[in-house]
Chemist: 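One structure is given below, represented as structure tokens, and several questions about it will come after.
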2 protein chains.
Amino acid sequence: MPSILDVAKRAGVAPTTAKRAIHEPHLLAPETLARVRRAIEELGYEPDQVAGGLRRGRTQTLGLMVGNIIEPFFASLVRTVAHAAQSRGYALIVTDNEYDSALERANLRVLYGQRVSGLIIRSGYGAPNLDYLERMRERGTYVLEIDYFYPGSPFSHVMLDNEGSVFEGVRYLHALGHRRIATLGSYDPVYHPEERSRAFPEALRSVGLSPVEEYQRVITLIEPEAYKLTLELMRLPEPPTAIFSLNGTEAAGAFRALKELGLRIPEDVSLLTFDNYSWTALVTPPLDVIEQPVEEMGRAAVEIVLDAVEHQTPDKVVRLRFPGRLIRRGSCAPPRRP
Amino acid sequence: MPSILDVAKRAGVAPTTAKRAIHEPHLLAPETLARVRRAIEELGYEPDQVAGGLRRGRTQTLGLMVGNIIEPFFASLVRTVAHAAQSRGYALIVTDNEYDSALERANLRVLYGQRVSGLIIRSGYGAPNLDYLERMRERGTYVLEIDYFYPGSPFSHVMLDNEGSVFEGVRYLHALGHRRIATLGSYDPVYHPEERSRAFPEALRSVGLSPVEEYQRVITLIEPEAYKLTLELMRLPEPPTAIFSLNGTEAAGAFRALKELGLRIPEDVSLLTFDNYSWTALVTPPLDVIEQPVEEMGRAAVEIVLDAVEHQTPDKVVRLRFPGRLIRRGSCAPPRRP
DNA sequence: AGGGGTAATGGACACGTGACCATTGGCGCG
DNA sequence: CGCGCCAATGGTCACGTGTCCATTACCCCT
């Protein structure tokens with residue numbers, strides 16, 4: 001475990017000189033620089049980021065907390081963020097909160113203890129952890145929310161244009177002739193007014209439809225709940241002619257339920273969903289989706305965070321919106337005439 | 001950013017006493033302990049793991065390098081390992097190598113610089129990085145390979161019973177009456193004799209079949225390659241009657257190709273694959289799969305690594321095999337009589 | 001020739017913690 | 001009553017780095 005002192009000794013220079021070969025090579029005589037570099041090479045020296053982080057007051061580390069790593073949206077986000085961080089010399093600490101703000105708090109403590117320089121977070125549901133995020137910010141961690149942000153949050157965020165995307169989806173279904181459109185939404189009605197669920201009734205009104213209570217129930221963001229809700233929806237006296245799933249995880253449950261009921265898509269019911277998950281193109285019929293530009297969002301998030309960290313502008317707030325993209329594949333069609 | 005010194009001052013005790021409230025509370029008088037704990041609470045003190053890591057000589061961090069985070073097998077692994085690490089107070093640094101050993105090396109340097117206490121790695125293909133792993137081990141990082149290990153590797157590993165699973169799959173197809181069984185394998189023929197691809201011809205022989213060269217071609221582990229190979233296989237003068245995909249990513253490509261060719265599963269061709277990915281149950285027909293116990297494997301890996309780290313037994317080598325589980329859903333059937 | 005500036009190098013110290021050793025006071029026991 | 005032990009608390013230093021200040025030698029310019 002060679003340190004910079006070993007490098008200095010081997011190169012026959014003072015420790016300070018050896019350090020300069022790394023951070024300010026232009027200050028060294030070419031010959032000295034070469035000698036130090038050779039010593040680094042021979043010893044396989046790699047700077048200790050732990051010691052450096054301590055002295056510097058901030059680490060070469062980023063935290064990423066997502067809702068659930070297994071969901072392709074987040075898996076893709078983890079991947080993109082990890083790559084972007086790596087390319088700028090940062091390591092990425094990954095956690096998930098399973099959409100639970102209590103678990104989230106426990107994980108935040110770990111990230112706080114690790115003194116991450118930046119935090120990209122998709123908060124869970126329940127009592128908000130804004131206070132804790134605020135404390136991390138005071139301590140020097142730059143915080144950015146992604147995919148969701150607390151109402152009144154002071155932090156930067158990177159979001160999909162949720163409202164626009166919901167409106168586009170509803171307009172699409174309406175234009176096909178659908179008048180009974182149900183949604184699978186998800187939010188905590190107390191703390192988390194999730195944008196897509198909120199936009200849905202407005203979107204209906206914008207095309208002249210009246211929101212129906214039982215067509216817009218909200219559930220926990222897991223597959224089994226969506227499965228169950230879809231069964232219930234289709235067993236209503238007046239079942240919907242189209243289902244608009246507000247995320248890909250719930251779409252899987254909806255699809256399973258529709259298959260099980262023996263309903264044909266899109267003849268008996270149309271299905272539209274957020275998230276262009278790979279399975280949506282493999283099933284029969286392939287699903288119409290609203291794709292999120294996950295990778296662009298992830299790269300943008302890292303850029304905002306690391307720029308603020310490295311340019312020492314902790315108070316800079318950047319808020320971005322990315323458009324969704326509707327991809328038609330054949331799971332939506334005009335409703336049957338009764 | 002309160003430190004333990006602030007806590008000590010507030011509690012009116014010496015720093016050493018304050019520290020003991022955290023690590024050796026039994027040494028303190030109950031009243032003193034309570035006073036310190038109150039100070040910790042009031043200040044929201046959280047130990048600085050960076051400073052602690054430096055002093056201690058090892059950090060509260062684990063590294064996890066996987067092939068590609070987007071693949072559900074790895075996403076699930078990341079999730080499980082992150083949870084297991086978190087429950088023992090460790091943070092998890094995640095990277096992927098995109099199956100490329102050069103990229104892997106760059107990422108290993110970052111992990112080395114971060115002084116992770118342990119490393120769980122799924123190596124990529126190309127020139128092995130055994131030398132670098134060896135150096136990390138010498139430096140104090142406990143290394144465990146998962147899902148794959150270098151031949152002759154001195155490290156611990158956690159693996160599927162690949163050979164047994166391939167044999168079971170082949171026996172299953174053979175028992176249904178298949179004699180022309182093709183595989184989608186993946187390995188680097190020079191460096192990476194991947195177990196499943198190697199076991200396949202042996203498994204054929206064990207049921208009395210002769211391996212056919214063009215039925216066992218190996219490709220890069222990505223969906224488009226599997227798609228292309230499947231098209232080629234099914235256009236052979238004597239196409240296979242069953243395809244055995246050695247992982248879930250390739251199965252997606254195979255499925256897409258078969259659909260596109262208009263072939264019916266299982267009437268025209270049977271399809272069996274490793275990995276119980278969620279989409280395999282949603283497509284028509286749902287696929288027969290060999291499920292890997294990913295979560296058990298992940299938890300076992302963390303346990304082995306952290307036990308060795310915390311019990312200071314860096315030379316202890318543990319090697320585990322987990323059985324696969326064949327799940328029949330309807331994508332395999334007896335071949336048609338020609 | 002002498003002063004000042006600069007290129008090149010060296011030395012000292014603090015970041016916050018954990019490990020180790022030192023000190024104090026009180027009580028039991030012979 | 002005095003010795004010794006132990007419970008309880010305090011003090012010191014090193015981990016490896018980054019930052020700031022100090023030192024040396026040489027050259028340029030007037």
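Values below: all heavy atoms of this structure, side chains included; hydrogens, waters and symmetry mates excluded. Numbers restart at 1 for each chain; the letters A, B, ... are given by sequence-line order, proteins then strands.
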Chemist: Among C/dT9, D/dT19, C/dT17, which nucleotide sits nearest the side chain of A/Arg20?
Modeler: C/dT9

Chemist: Picking from D/dC15, C/dG18, C/dT9, which would you name as closest to the side chain of B/His23?
Modeler: C/dG18

Chemist: Confirm from the modelled atom types if B/Arg115 and D/dG16 form a donor-acceptor pair under 3.5 Å, side chain to base only.
Modeler: no

Chemist: Could you state the CD-C1' distance from B/Glu24 to C/dA19, rounded to the nearest angstrom?
Modeler: 9 Å

Chemist: Does the distance from a Lys or Arg side-chain N to an Asp or Glu carboxylate O, for A/Arg10 and A/Glu41, drop under 4.0 Å?
Modeler: no

Chemist: With a non-hydrogen cut-off below 4.0 angstrom, is A/Thr16 in contact with a base, only sugar-phosphate, or nothing?
Modeler: base

Chemist: Quick one: do B/Glu296 and B/Arg299 make a salt bridge, cutoff under 4.0 Å?
Modeler: no

Chemist: Answer yes or no: is there an ion pair linking B/Arg105 with B/Asp131, defined by an N-O contact shorter than 4.0 Å?
Modeler: yes

Chemist: Under 4.0 Å between a side-chain nitrogen and a carboxylate oxygen: does that hold for A/Glu31 and A/Arg35?
Modeler: yes

Chemist: Which is true for A/Val50 with a 4.0 Å heavy-atom rule: it touches a base, it touches only sugar-phosphate, or it touches nothing?
Modeler: nothing

Chemist: Under 4.0 angstrom, heavy atoms only, what part of the nucleic acid is B/Ile4 near: base, sugar-phosphate, or nothing?
Modeler: sugar-phosphate

Chemist: Using the side-chain heavy atoms of B/Lys19, tell me which of these nucleotides is nearest: C/dA19, D/dG10, C/dT9.
Modeler: C/dA19

Chemist: Taking only the side-chain heavy atoms of A/Arg55 (C-beta and beyond), determine which of D/dG18, D/dT9, C/dT9 contains the nearest atom.
Modeler: D/dG18

Chemist: Distance check: side-chain N/O of A/Thr32 vs OP1/OP2 of C/dA8, anything under 4.0 Å?
Modeler: no

Chemist: Please pick, from D/dT17, C/dT9, D/dG10, the nucleotide with the shortest atom-to-atom distance to any side-chain atom of B/Ala14.
Modeler: D/dG10

Chemist: When the nearest nucleotide of DNA chain C is assigned to A/His26 and to A/Pro15 on a heavy-atom basis, which residue is associated with the more 5' position?
Modeler: A/His26

Chemist: Between D/dT17, C/dG10, C/dG16, which nucleotide gets closest to the side-chain atoms of B/Ser3?
Modeler: C/dG16

Chemist: Where the side chain of A/Ala51 is defined as all heavy atoms beyond and including C-beta, which of D/dT17, C/dA8, C/dC15 is the nearest nucleotide?
Modeler: D/dT17

Chemist: Tell me the interatomic distance from B/Arg56, atom CZ, to C/dC20, atom C1', rounded to whole angstroms.
Modeler: 17 Å

